[in-house]
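What you see is a predicted model; the values in this text were computed from it and never measured. Numbers restart at 1 for each chain; the letters A, B, ... are given by sequence-line order, proteins then strands.
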2 protein chains.
Amino acid sequence: MSGRTSSTANAETVSRVNQTAILDALRQHGPLSRQEIGARTGLSAATVNRLAGHLLRKGLIVTDGHQPSTGGRPSILLRYSGRAHLVSVLHVGATRTEGALVDFDGSIVHRVQRPVVPDVLHAADRATIRLEEALSVVTELGAAAGGRGQPSQAIGVAVPGVAGADGRVTWAPALDWREVPVGSLLSERTGLPVVVENDANVLAVGEHHRGAGRGVQDLVAVVLGTGIGTGIVTGGRLHRGSRAAAGEIGYMLLDRSSLARLFPGFGDLESRVGSAGLTRQARERGIAAPDGRPLTAADVFDLVRSGSVEARALLEETLDYVALAVANLCTVLDPELVIVGGEMGGAADLITPGLRDRLVGRVPHVPRLAASELGDDAVIIGAAELAARLVSDSAYVAATR
Amino acid sequence: MSGRTSSTANAETVSRVNQTAILDALRQHGPLSRQEIGARTGLSAATVNRLAGHLLRKGLIVTDGHQPSTGGRPSILLRYSGRAHLVSVLHVGATRTEGALVDFDGSIVHRVQRPVVPDVLHAADRATIRLEEALSVVTELGAAAGGRGQPSQAIGVAVPGVAGADGRVTWAPALDWREVPVGSLLSERTGLPVVVENDANVLAVGEHHRGAGRGVQDLVAVVLGTGIGTGIVTGGRLHRGSRAAAGEIGYMLLDRSSLARLFPGFGDLESRVGSAGLTRQARERGIAAPDGRPLTAADVFDLVRSGSVEARALLEETLDYVALAVANLCTVLDPELVIVGGEMGGAADLITPGLRDRLVGRVPHVPRLAASELGDDAVIIGAAELAARLVSDSAYVAATR
DNA sequence: GGAGTTTTCTATCAGGCTGATACTGTACCC
DNA sequence: GGGTACAGTATCAGCCTGATAGAAAACTCC
């Protein structure tokens with residue numbers, strides 16, 4: 001039951017930690033001279049020089065010109081260079097499969113998009129179709145990376161559902177995936193390390209690392225799309241929960257009467273603000289969806305912008321419930337920042353003011369509210385970050401010459 | 001704004017980490033021989049021996065007899081001994097001030113209790129009175145520790161309110177403390193490191209470390225007393241939030257109509273299940289408090305046990321709201337375990353079954369529910385643990401002979 | 001009771017890493 | 001062109017780990 005929980009250290013550990021410190025300094029503050037790295041990390045000049053040498057040989061950092069002299073020998077700037085390393089990313093969404101090659105800088109260097117044919121959306125065997133498509137996209141990405149002479153080093157997969165730490169997708173309703181071992185399928189096929197994660201969680205990671213949440217240690221990303229979900233970062237780390245179900249606020253209970261009902265396949269909040277709930281309520285209020293398909297939050301925003309009074313009322317009610325959920329999130333977690341993302345991100349101007357008004361005076365501490373900075377790419381970039389972490393921890397030490 | 005976030009390592013770090021690994025192994029598995037420690041930690045025999053020597057000299061471990069020989073030289077058992085080190089703990093509660101000397105094993109070796117004189121409870125200067133009392137208790141504890149020849153090495157303070165990371169109590173209504181710098185007052189007076197923390201948070205730490213939550217990485221402790229609060233442990237660490245307000249679920253909003261009201265000094269949930277709310281509702285239902293004072297949850301439990309039908313109905317309603325809050329906690333955090341503590345802890349038999357019934361089918365994953373194991377001492381033991389951590393990180397390396 | 005066996009504990013040494021010191025290299029200024 | 005100021009590099013002591021060999025302690029067998 002135990003025995004290897006305690007972790008020990010040796011000289012190699014020291015070197016790895018210090019190399020990581022140098023890389024972190026360069027990632028956070030852009031190009032720095034060796035002296036500046038020393039000042040920032042507290043490492044001696046000799047150590048910085050030696051470790052920088054290792055990192056240069058490994059291609060993780062590059063020289064980036066000189067700094068103007070201040071009277072003496074000008075310093076050589078060192079810059080983190082993720083360009084030398086690529087990861088493959090897969091975002092299996094409800095209506096399309098998206099693939100990308102992303103370098104360690106977070107730049108997307110190659111994209112693949114596969115819209116889902118409408119007939120497939122509700123086909124009986126859509127689970128298999130979507131899975132095979134996902135595998136083929138990864139293969140295509142691998143080939144593209146090979147063609148660039150920079151083989152992909154890891155794979156990150158984002159899915160709209162619950163994913164265990166072992167890379168198994170427990171339940172993703174939009175894909176009809178149950179207990180699908182995506183992680184092991186991909187790692188067996190490619191031999192690469194794979195991380196599989198919920199899409200809201202990776203969005204939070206993406207915004208935390210390279211978007212609106214840079215430098216923030218405690219944040220929540222709220223994603224409103226077909227359903228509603230959140231990604232939670234506490235203490236700078238993704239919070240997954242004991243069963244990887246943390247942040248599934250679609251199940252939040254918002255009324256005492258909710259205790260009289262059960263919520264087996266969908267949640268209380270989700271039934272109110274999700275696509276199905278919106279469609280139902282719109283029908284009751286006489287609002288027609290643009291072309292007869294189920295209404296999404298994005299449609300409601302469009303209608304509001306075009307002046308619909310009924311849609312405005314529906315938006316306000318939706319906002320009420322979203323605000324209750326966000327208020328409770330804030331009460332429980334006390335985040336520094338709440339990021340509004342997903343389809344909502346583009347309508348942040350309609351959302352954040354109303355949200356703030358509803359929070360003020362009702363929660364102990366109203367956090368900063370911000371729109372997603374990365375938009376549609378947040379998921380891709382977040383998944384790339386998680387994939388990069390899979391290799392970077394060991395890559396720093398591997399091949400140390 | 002930045003500059004020293006990155007942490008570096010050196011040879012000393014390695015030694016400290018490995019000493020901590022040895023201590024953790026001994027704490028987790030009881031007495032072990034040097035060989036067993038080596039097997040468990042992966043350290044070489046020579047290293048284990050040398051580090052064990054350091055720890056023996058520092059008094060953090062002691063020899064504990066021999067193991068029966070298996071044919072050769074019998075091994076000497078080593079045992080963690082927190083007895084050699086003491087911390088002072090202060091629990092400033094609503095109705096009493098409690099002090100204790102606790103050793104690093106978590107054993108309480110000395111207690112001080114100071115009930116609050118009823119006249120003081122609502123006196124205009126009760127803030128000052130309680131503060132001076134707190135300081136005097138700490139002085140008394142210091143003297144007691146000195147008398148044992150084992151001076152106290154740190155101070156842990158638990159308060160029913162919000163405490164910043166700097167040891168300042170921002171707001172503790174039950175004490176009428178606002179912006180009281182307890183931490184700096186105590187550290188100036190004693191020269192010892194001080195940690196000040198919310199009582200629900202330290203209760204969670206106590207149960208996590210030595211109570212119902214041993215070995216659990218994600219747990220929530222729900223404390224129902226005069227108000228309602230929670231302590232949250234995620235990934236094995238206390239989650240405080242960006243403004244130390246995490247877990248203040250008294251402010252959770254449980255109805256859309258709550259958005260029509262403001263909650264400046266008290267919260268929505270707290271007004272329903274806290275002492276004031278219970279008293280009001282009891283009056284409406286014709287339930288009399290035993291002796292005319294405000295009704296607490298504990299009183300309701302007593303009335304239920306004595307067969308009161310009205311109290312039973314009130315309990316059920318209270319449970320409904322507590323269940324809503326716990327359900328939302330579970331949805332957001334997905335903890336492995338929820339511990340019911342505080343005054344509720346003794347009535348766990350009345351609470352947990354009803355709570356479980358209300359959660360099943362309504363949250364994605366129903367956690368384990370358990371009563372507090374440490375009872376009234378959970379706060380003391382948790383605060384002692386936090387205080388011990390203040391010194392242990394540096395104590396391992398200090399005085400390494 | 002003594003020698004051999006087995007296992008534990010300890011001493012010694014090589015190797016890796018950091019940090020201090022001294023030294024070399026490069027550009028600017030007078 | 002020499003002096004100055006700062007950046008980068010080589011050398012070495014100190015600390016820590018881990019490997020190896022040796023000393024110590026208890027048991028077994030004759």
Side-chain angles (χ1 to χ4, degrees), chain A residues 6-22 25 31-57 61-79 396-401, chain B residues 6-22 25 31-57 61-79 396-401:
Chain A
S6 57
S7 59
T8 59
N10 55 27
E12 185 186 305
T13 313
V14 174
S15 174
R16 194 175 64 230
V17 166
N18 289 343
Q19 287 185 48
T20 304
I22 292 176
L32 293 172
S33 71
R34 287 171 168 81
Q35 275 66 26
E36 289 166 333
I37 292 173
R40 236 171 244 289
T41 59
L43 295 170
S44 69
T47 300
V48 170
N49 188 46
R50 183 168 26 79
L51 296 182
H54 292 178
L55 293 171
L56 281 167
R57 274 192 293 277
I61 64 175
V62 292
T63 59
D64 190 20
H66 294 247
Q67 215 166 19
S69 164
T70 58
R73 175 176 176 176
S75 54
I76 301 168
L77 286 176
L78 299 175
R79 181 171 56 77
Y396 296 165
V397 66
T400 307
R401 162 30 197 304
Chain B
S6 57
S7 59
T8 58
N10 55 26
E12 186 186 304
T13 313
V14 175
S15 173
R16 195 175 63 229
V17 166
N18 290 342
Q19 288 185 48
T20 304
I22 291 176
L32 293 172
S33 72
R34 287 171 169 83
Q35 275 67 25
E36 289 166 333
I37 292 173
R40 238 172 241 291
T41 59
L43 295 170
S44 68
T47 300
V48 169
N49 187 46
R50 184 167 24 78
L51 295 182
H54 292 178
L55 293 171
L56 280 167
R57 276 192 292 278
I61 63 176
V62 292
T63 59
D64 191 19
H66 294 247
Q67 215 164 18
S69 164
T70 59
R73 174 175 175 176
S75 53
I76 300 169
L77 287 175
L78 299 175
R79 181 171 57 77
Y396 295 165
V397 67
T400 308
R401 155 52 191 301

Using whole Å, report how far CZ of A:Arg34 lies from P of C:dG19. 17 Å
Side chain of B:Asn10, backbone of A:Val14: donor and acceptor closer than 3.5 Å? no
Closest-nucleotide mapping onto DNA chain D: is A:Ala45 or A:Ala9 further toward the 5' terminus? I mean the 5' end. A:Ala45
Close side-chain approach of B:Thr20 and B:Val17, heavy atoms under 4.5 Å: no
To the nearest Å, give me how far apart CG (A:Leu51) and P (C:dT18) are. 5 Å
Whole Å only: how far is the CG atom of B:Leu43 from the C1' atom of D:dA19? 14 Å
Value for OG1 (B:Thr63) from CG (B:Leu78), rounded to nearest 0.5 Å, stands at 7.5 Å
Verdict with reasoning, B:Arg40 to B:Ile37, per side-chain contact (heavy atoms from CB on, under 4.5 Å): CA-CA 5 Å; B:Arg40 238 172 241 291; B:Ile37 292 173; 5.8 Å; no
Nearest to the A:Asn49 side chain among D:dG8, D:dT17, C:dT18, which nucleotide is it? D:dG8
Any side-chain heavy atom of B:Ile22 within less than 4.5 Å of one from B:Leu43? yes
Rounded to the nearest 0.5 Å, what separates atom CD1 in A:Ile61 from atom CG in A:Leu77? 11.5 Å
Would you say A:Arg50 places a side-chain N or O within less than 4.0 Å of OP1 or OP2 belonging to C:dT18? yes
So A:Leu77, base contact, sugar-phosphate only, or nothing? Heavy-atom distance under 4.0 Å. nothing
Have a look at B:Thr47 and say if it touches a base, only the backbone sugar-phosphate, or nothing, with a 4.0 Å heavy-atom cut-off. base
Respond yes when some side-chain nitrogen or oxygen of A:Asn18 is under 4.0 Å from OP1 or OP2 of C:dT18, and no when none is. yes
Give the rounded distance in Å between these two atoms: NE2 of A:His66 and P of C:dG25. 16 Å
With the side chain defined as heavy atoms from C-beta on, B:Ala46 is closest, among C:dC9, D:dT9, D:dG18, to D:dG18
D:dT9, C:dT18, D:dG18: which one has an atom nearest the side-chain heavy atoms of A:Val14? C:dT18
For residues A:Thr8 and B:Ala21, report the shortest heavy-atom separation together with the two atoms involved. CG2-CB, 4.0 Å
Quiz question: going by heavy-atom distance under 3.5 Å, is there a donor-acceptor pair between the base of C:dT8 and the side chain of B:Arg73? yes
What's the angle between the local helix axes at either end of the helix from C:dG1-D:dC30 to C:dC30-D:dG1, using five pairs per end and rounding to 10 degrees? 20°
For B:Leu32 and C:dT8, give me the distance from atom CG to atom C1', rounded to whole Å. 15 Å
Can you measure A:Leu56 atom CG to D:dT9 atom C1' for me and round it to whole angstrom units? 14 Å
Nearest-Å distance for atom pair CD/C1', residues A:Gln35 and D:dG8: 7 Å
Please confirm whether the shortest side-chain N or O distance from B:Ser44 to OP1 or OP2 of D:dG18 is below 4.0 Å. yes
As an exercise, state the distance from CD of B:Glu36 to OG1 of B:Thr41, rounded to the nearest 0.5 Å. 11.5 Å
Protein-nucleotide distance (A:Arg16, atom CZ; C:dG16, atom P), rounded to Å: 17 Å
Could you say whether A:Gly42 or B:Gly72 is positioned toward the 5' end of DNA chain C, judged by the nucleotide with the nearest heavy atom to each? B:Gly72
